[in-house]
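All chains are named by letter (A, B, ...) in the order of the sequence lines, taking the proteins before the strands, and each is independently numbered beginning at 1. Since this is a predicted model, take the numbers as computed values, not measurements.
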Amino acid sequence: MAPITSDVRLLGEGFSPTDQLATFNAAHPEAGGIVSFLGQVRSEGGAQAVEALELRHYAAMTLPGMEALAAATKARWVLDGLLIIHRYGVMHPGDPIVLVAAAARHRRDAFAAADFAMDHLKSQSWFWKREKTAAGWRWIEPRADDHRDLARW
Amino acid sequence: MAPITSDVRLLGEGFSPTDQLATFNAAHPEAGGIVSFLGQVRSEGGAQAVEALELRHYAAMTLPGMEALAAATKARWVLDGLLIIHRYGVMHPGDPIVLVAAAARHRRDAFAAADFAMDHLKSQSWFWKREKTAAGWRWIEPRADDHRDLARW
Amino acid sequence: MTARLVFLGRLEDIAGAAELAVAPGPLEKVLAALDPALAVELLGERVRMALNGALLGGNEAVVLAPGDELAFLPPVSGG
Amino acid sequence: MTARLVFLGRLEDIAGAAELAVAPGPLEKVLAALDPALAVELLGERVRMALNGALLGGNEAVVLAPGDELAFLPPVSGG
């Protein structure tokens, strides 16, 4: 069996999730199933609408942490490939923030791996987020949901 | 709140999963997360390799069943949009068979909806499959896994 | 006007056709007029029937009217 | 040669800079030289520290050597 490939990237510039996914799909013809998660900056109207979002990272820890998560994910499920792309910097509504894709022979492995990676990216990765609304910039505190999600694994 | 859109298609011709997903993503800027599942004909080597796969459907029941599944999925989770595309006919290694995508405000709804829809498409939809290997065409029996997957919901 | 039998999955290969026009009437009479090897397969316990697109429970007495479509559905094998 | 303090998330806004060069030495001495309002935030119970990229447990006596990088990490807020 060929070694499992994984591709983990921390990007300061925008990316095209569908181009990235097309490349990933093409690289894994042996996989019966590919699950992907795309997280994007929500477009919504109203006074509470987010006009911009900034994610800050810490060079010494954020990407190494993502790589450790990828290794843990691959160790836990039988995968053919794993892709994790995460943005940092200032983003606007509609911009992609995170793309995770897992390719596997069996559907259940692909779903669980993508779900696991997302729960850990959301709650344990070294990102700090602030949002800009009509009221100005505001730092976002961790959500209780994120910790509940993590307790599932 | 706008009515939830859903798009359910049974296709006799090939399709581009990434083009379909790009269109779906663009239609759901209000969703924070989009989960997709792509099932494709596996490319593998060896004497057991599948050279072709045929899915047959029953016009009176297959698409109506997929539409009922979409309705059940939308009723069970809070979604912004749902896409279900399924092929029938003869396919070859690398060809897409099924694409499911769920857009939701909350990540967990998107994951669960796509997972639920796939488990039901795999085990309860009106498709009959045969595979061609070096030994010729052979009809595929249901897998015990599919029934176990269904018992999760 | 005839009724139609529709054969799905491997039943189509056994029947040698996707559909067959038959004289209306009670199902047992319709089946009795078929090749016995095919009739045995159609009555297999894992084969379900649908009348005009609606799944039957299995205990109904089926009588085909002119224009009816009766489908024989072996277990599905997933997409 | 100095050591560096790195402030993440909202701590960067409070510090008014992403990094600060400081004289090496025991952490309590380094913090005593800072604006007290900033030092209080850095010592908040939800703020963790990492020395040269490795997370600290919280009970270590930290002494900064020349070239060390000590990061202050408030709770992460998810991607």
Does any backbone or side-chain atom of A:E30 lie under 4.5 Å from a heavy atom of chain B? Answer side chain, backbone, both or neither. both
Interchain contact, B:E44 with chain A, by part (heavy-atom threshold 4.5 Å): side chain
Heavy atoms of B:R105 and A:R42 approach each other most closely as O-NH2, 3.0 Å
Is B:D119 paired with A:R108 through a side-chain N to carboxylate O contact shorter than 4.0 Å? yes
Looking only at A:M118, A:R107, A:H28, the option with the highest number of non-hydrogen pairs under 4.5 Å against chain B is A:R107
Which one of A:A102, A:G32, A:A110 has the most heavy-atom pairs closer than 4.5 Å to chain B? A:G32
With chain B, the option among A:T18, A:I34, A:V35 that has the most non-hydrogen atom pairs under 4.5 Å is A:I34
Which atoms of A:V100 come close to chain B, meaning under 4.5 Å heavy atom to heavy atom: side chain ones, backbone ones, both, or neither? neither
Might you point out which heavy atoms bring B:S36 and A:L21 nearest each other, and give the distance in Å? OG-CD2, 4.4 Å
